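Beneath this line is the structure, given in structure tokens, with notes to follow.
Remember, predicted model here, so these are calculated numbers, not experimental data. Remember, it's 1-based here, ligands and their atoms both numbered in the order they're listed.
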Amino acid sequence: MQVWDGVSDSRISFDWASASGLAPKQPVHQSTIAYMIENLNLTTALLSRLSELDSKLFISAPTRVSSIELGQETETLDLRSWPTVTLDNGRQLAARLLIGADGANSPVRTFAGIPSRGWDYGRHGVVASLRLEGPGWGGEEHKIAYQRFLPTGPVAMLPLPGNMATLVWSTVPERAARLKSLKEEDFVAMVNAAFRLSPVDLEYLHTIAEGQKEEVEWREQHTPVDEQKIPMRAVGAQAGSVANFPLKMRHADTYTGERVALVGDAAHTVHPLAGQGLNQGQADAAALVRVIETAVSQGSDIGSQLALEAYTSERWQANNALLGAVDKLHKLYSFGSGPIVPVRSWGLSAVNAIGPLKGWFMRQAAGT
Ligand SMILES: Cc1cc2nc3c(=O)[nH]c(=O)nc-3n(C[C@H](O)[C@H](O)[C@H](O)COP(=O)(O)OP(=O)(O)OC[C@H]3O[C@@H](n4cnc5c(N)ncnc54)[C@H](O)[C@@H]3O)c2cc1C
């Protein structure tokens with residue numbers, strides 16, 4: 001993983017060999033820092049696992065939840081403390097425990113009246129699936145992720161199999177909208193420029209309505225770069241893959257209420273610069289499963305606050321620390337000039353030189 005400062009060019013290289021003093025040639029599985037898994041593959045694998053399970057599982061899809069209310073008392077059942085979900089096909093389900101895995105605008109969180117605090121970054125994340133001119137500098141065996149911090153936000157190129165890579169470019173909303181509107185050849189030229197040209201050049205390129213390709217070609221002739229230290233050139237963008245999302249930081253005050261638990265973005269939303277959002281959600285799910293297993297083994301009510309409390313205690317603090325660290329990184333790299341730039345560059349070089357410290361950062365990123 002290669003990360004560098006777009007203003008000062010100071011750089012950090014995350015690889016186990018330089019972090020821990022191990023021999024540089026290790027089997028691939030020992031040198032892996034992170035895995036890139038497309039969401040479609042994750043969800044497909046989860047659905048096929050669900051279909052293998054011999055359980056009383058009931059799946060209703062594609063269906064939306066149109067409302068959530070508390071249940072009612074009948075002659076046989078008292079469901080006044082049970083959330084009752086009405087689906088858009090009219091079906092109603094009463095839940096002993098309702099898990100809100102329903103994203104940043106979580107209807108379950110709203111139903112439970114759990115406040116969520118934070119701020120908008122005034123940035124959009126532009127994403128795209130890119131075709132590169134080759135499999136990357138490390139070939140198919142040694143894939144490398146790249147992130148360059150620009151004053152408007154980081155631009156990252158993350159490897160996928162073959163000649164493909166995925167782009168996440170955080171920038172101000174006007175630039176994101178312009179990028180999305182460009183012809184493919186101009187968009188691709190801007191992506192290549194984002195890893196090669198100076199922030200001043202990029203600022204100009206963002207102001208022109210079209211013709212970025214020729215303008216970038218001309219400017220690149222006057223900007224020498226070591227191509228092996230930056231991502232291989234993009235040569236195309238997959239049709240329909242360019243999209244943009246507003247970036248925000250939010251954290252729910254608690255993850256549980258009576259018969260309600262929140263996981264993933266319903267509980268917290270983080271800036272994507274560290275690529276940790278989904279990882280946090282998966283750690284939430286694992287922790288919640290453990291808490292439910294404990295409640296079941298003790299014969300407790302899995303929806304009671306008492307049973308669920310351990311889930312909030314395990315996950316809230318850990319997520320809060322990560323949200324805070326990522327937020328500060330975003331702010332630290334928003335400075336385009338001034339005294340902060342040399343200080344942060346010194347910090348990056350220092351972490352790069354101190355193997356054990358670098359190893360610690362890598363273990364955090366790898367979730368080990
Ligand atoms: C630009 C960008 C890049 C990112 N890159 C990374 C990365 O590299 N690595 C990483 O780990 N994370 C990344 N993330 C973060 C990651 O995408 C999120 O953390 C993750 O998608 C959250 O998953 P979730 O299931 O909690 O919520 P979501 O993905 O938001 O899913 C919620 C689901 O609930 C459904 N839903 C909502 N309301 C209803 C309703 N009423 N009825 C039925 N269904 C409903 C929605 O349709 C949706 O399918 C990135 C985020 C952004 C914006």
Side-chain angles (χ1 to χ4, degrees), residues 1 3 33-44 46-47 59-69 83-93 95 98-112 116 118 120-129 143 145-147 153-160 165-171 173 176 179-180 241-252 255 261-288 315 319 322-323 326 330 364-367:
M1 207 181 274
V3 179
I33 299 169
Y35 294 91
M36 284 295 298
I37 304 169
E38 289 159 284
N39 199 35
L40 187 66
N41 292 332
L42 268 183
T43 45
T44 307
L46 287 170
L47 285 172
I59 297 179
S60 179
T63 322
R64 288 197 70 77
V65 171
S66 39
S67 67
I68 311 169
E69 281 156 358
T84 301
V85 169
T86 305
L87 305 181
D88 62 6
N89 58 14
R91 187 168 177 153
Q92 283 200 321
L93 300 160
L98 177 64
I99 299 174
D102 47 357
N105 299 320
S106 170
V108 173
R109 193 182 63 225
T110 307
F111 159 76
S116 178
D120 295 345
Y121 283 113
R123 298 285 188 281
H124 279 208
V126 179
V127 298
S129 298
K143 291 280 186 177
Y146 299 87
Q147 179 150 275
V155 55
M157 178 98 80
L158 307 167
L160 289 174
T166 181
L167 173 84
V168 185
W169 186 348
S170 311
T171 189
L179 282 170
K180 216 180 133 189
S241 72
V242 184
N244 61 328
F245 301 93
L247 304 181
K248 52 191 172 183
M249 202 273 265
R250 293 282 190 284
H251 202 187
Y255 297 169
L262 304 175
V263 295
D265 276 28
H268 43 72
T269 313
V270 67
H271 191 295
L273 70 83
Q276 291 297 313
L278 187 70
N279 289 347
Q280 285 182 291
Q282 287 174 329
D284 294 347
L288 184 58
R315 292 301 304 151
N319 284 329
L322 188 72
L323 289 175
V326 170
H330 165 75
Q364 299 308 305

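- Within the set G125, S60, A145, G103, the minimum heavy-atom distance to atom 30 (O) of ligand 1 is found for G103.
- The atoms of ligand 1 that sit less than 4.0 Å from any heavy atom of G264 are 26 (O).
- Taking atom 40 (C) of ligand 1 as the reference point, the nearest protein heavy-atom neighbour is R64 NH2, 3.5 Å.
- Within a 4.0 Å radius of atom 26 (O) of ligand 1, the protein contributes one or more non-hydrogen atoms.
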Quiz item: Would T84 and I68 count as a side-chain contact (heavy atoms from CB on, under 4.5 Å) if you check the C-alpha gap in whole Å, the side-chain angles of each, and the deciding distance to 0.1 Å?
Solution: CA-CA 6 Å; T84 301; I68 311 169; over 6 Å; no

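- Residue D265 places at least one N or O, backbone or side chain, under 3.5 Å from an N or O of ligand 1.
- Within a 4.0 Å radius of atom 32 (C) of ligand 1, the protein contributes one or more non-hydrogen atoms.
- For atom 53 (C) of ligand 1, the closest non-hydrogen atom on the protein side is F245 CB, 3.9 Å.
- Those atoms of ligand 1 that come under 4.0 Å of a heavy atom in A101, given as number and element, are 32 (C), 33 (C), 34 (O).
- Geometrically, ligand 1 and V65 share a nitrogen or oxygen pair separated by less than 3.5 Å.
- In terms of heavy-atom proximity, G122 sits nearest to P173 at O-CD, 3.2 Å.
- Here the closest non-hydrogen pair linking M1 and A34 is CE-CB, 4.4 Å.
- Distance remark: protein heavy atom present below 4.0 angstrom from atom 43 (C) of ligand 1.
- Residue M36 comes nearest to P159 through the heavy atom pair CG-O, 3.3 Å, listed as atom of the first residue, atom of the second, then distance.
- For T269, there are no side chain to side chain donor-acceptor pair (under 3.5 Å) partners two or more places apart in sequence or in a different chain.
- What sits closest to atom 5 (N) of ligand 1 on the protein, heavy atoms only, is P272 CB, 4.2 Å.
- In this structure, R123 has no side chain to side chain donor-acceptor pair (under 3.5 Å) partners at least two apart in sequence or on a different chain.
- At a heavy-atom cutoff of 4.0 Å, ligand 1 is contacted by no atom of V270, backbone or side chain.
- Heavy atoms of Q276 found under 4.0 angstrom from ligand 1 belong exclusively to the backbone.
- In this structure, D284 and N319 have side chains that are in contact, with non-hydrogen atoms separated by less than 4.5 Å.
- For atom 6 (C) of ligand 1, the nearest non-hydrogen atom of the protein is G275 CA, 4.4 Å.
- There is a protein heavy atom less than 4.0 angstrom from atom 9 (N) of ligand 1.
- If you number the atoms of ligand 1 from 1 as listed, the ones under 4.0 Å from a heavy atom of V127 come out as 1 (C).
- A heavy-atom distance below 4.5 Å is not found between the side chains of I37 and L278.
- Atom 35 (C) of ligand 1 has as its closest protein heavy atom D102 CA, 4.4 Å.
- Among protein heavy atoms, the minimum distance from atom 15 (C) of ligand 1 is reached at G277 CA, 4.0 Å.
- Here the NE2-CH2 distance, from H124 to W169, works out to 15.0 Å after rounding to the nearest 0.5 Å.
- L247 has its side chain within reach of P272: a pair of non-hydrogen atoms, C-beta onward, lies under 4.5 Å apart.
- Residues S60 and L87 have side chains in contact (heavy-atom distance under 4.5 Å, counting atoms from C-beta outward).
- With rounding to the nearest 0.5 angstrom, the CG atom of L288 is 4.5 Å from the CD1 atom of I99.
- Of all atoms in ligand 1, listed by their number and element, those nearer than 4.0 Å to a heavy atom of N279 are 11 (O).
- For atom 23 (O) of ligand 1, the closest non-hydrogen atom of the protein is L278 CD1, 4.1 Å.
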